Amino acid sequence: MRGFFDPRQLAHAPALELHNGGLIAYAETPARAEMIRAALPALEAADDHGTAPILAVHDAGYVDFLQTAPARWAEAGRAGDVMGYIWPIVGRRPVRLDRIDALAGRYSLDASTPLTADTWGAAYWSAQSALSALDAIRTGDRAAFALCRPPGHHAGRDYLGGYCHLNNAAIAAQAGIDGGMARVAILDVDYHHGNGTQDIFWTRGDVFYASIHADPATDYPFYWGHADEIGEGAGEGATLNLPLPRGSAIDAFRKALAQALAAIASFAPDLAIVSFGADTYVDDPISGFAIQTGDYAMIARDIAECGWPTLIAMEGGYAVDALGRNVAGFLAGF
Ligand code: OKP
Ligand code: ZN
């Protein structure tokens, strides 16, 4: 299976994130991508598809914010990385959103996803890696891997959050549709619910979103990922959420996976995109499932047996020492 990555994705390296009321070292490190890369046969450089496929999903004002906020933040004399810390309360009088501090709140979901001067470039190339994997499939490959980093599934049309800036899976899905595919399914097997992907396609009937994740009653992103969230309008029934309790291991995970795969099979996609997070791993430092390294091949086989052209896009996974073998195990199983 061909895989894609650009070294510019490594440059995004914020110092700190807000965690349990304090600041800790940022968990979504460049070392994650290095470990994955080291465990795989050589990845290919991503091709540059420009900003058009990004703007087909993301709001132009938001993209401008990603590009310009670090400089504006520095000009305003703020030390440290850009991090939202003040949000407009909804339902009150209209407020000015043009100041850098207001924009950081306006365009963010949480205060744990800092921007540095290198973030835009890294996020841009992360999205290009996903688009390059799509090209491989369009030209006949059965499957392709995109080492997306930063990840994408928490980012919405006009907001960042959960270590995500551009929604790589959504950008590839939209590019597939714009390239003539009638239906794309996104299967999200990261530990966390992909609220951004769900939100982007919430009212769409041409992109099916299925996710297996930790119950939002106990885990990030808390507001989204409940079983009763099924989409609206033309998208009603095209969102499937399968939350699992903390502690869930491979048997429960595979049962949910079978349910997700059956739903996707009924949808009959032209392309499947797997938002693959290895943070379901038993020793992941920020997560609570109990998937073992050897289980990833089985999960991948279950998906591969469905026979769809499949783009695998990297999302989370924070047990850095085990990350390479967990991803390599998944891809080998596929
Ligand atoms: C990203 B992905 C605690 C802040 C909240 C956010 C978790 C984002 C996970 N430090 N952490 O889905 O792997
Ligand atoms: Zn995750």
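Sequence positions, counted from 1, serve as the residue numbers for this chain. Computed from a predicted model, the values in this text were never measured in an experiment. Counting convention: from 1, in listed order, for ligands and their atoms alike.
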Enquirer: Distance-only, no hydrogens or angles: does the Ser248 side chain make a donor-acceptor pair with backbone N or O of Leu244 under 3.5 Å?
Expert: no
Enquirer: If the test is ring pair (Phe, Tyr, Trp, His ring centres under 6.0 Å), which one of Tyr220, Tyr163, Phe222 qualifies with His154?
Expert: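 For His154, the ring pair (Phe, Tyr, Trp, His ring centres under 6.0 Å) check succeeds only for Tyr220.
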Enquirer: Angle between ring planes, Phe330 versus Phe276, binned at 30° and 60°: parallel, tilted or perpendicular?
Expert: parallel
Enquirer: For Tyr209, enumerate each residue passing the ring-ring contact (aromatic ring centres under 6.0 Å, His included) test, keeping only those at least two apart in sequence or located in another chain.
Expert: His193
Enquirer: Side-chain contact, heavy-atom cut-off 4.5 Å: Tyr26 with Asp81?
Expert: no
Enquirer: Which atom, among the N/O/S set of Asp279, is closest to the Zn ion (ligand 2)?
Expert: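 Checking each N, O and S atom of Asp279, the shortest distance to the Zn ion (ligand 2) belongs to OD2.
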Enquirer: Going from CG on Asp279 to CZ on Arg32, what distance comes out if it is rounded to the nearest 0.5 angstrom?
Expert: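 Interatomic distance, Asp279 CG to Arg32 CZ, rounded to 0.5 Å: 8.0 Å.
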Enquirer: Do any N or O atoms from the side chain of Arg301 and from the backbone of Ile299 form a donor-acceptor pair under 3.5 angstrom?
Expert: no
Enquirer: Listing by chain and number, which residues have a heavy atom under 4.0 Å from ligand 1?
Expert: Glu17, Leu18, His19, Ser112, His153, His154, Gly162, Tyr163, Asp190, His192, Tyr220, Asp279, Gly316, Tyr318
Enquirer: With rounding to 10 degrees, what does the angle His192:ND1 / the Zn ion (ligand 2) / Asp190:OD2 come to?
Expert: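 With the Zn ion (ligand 2) as the vertex, the angle is close to 160°.
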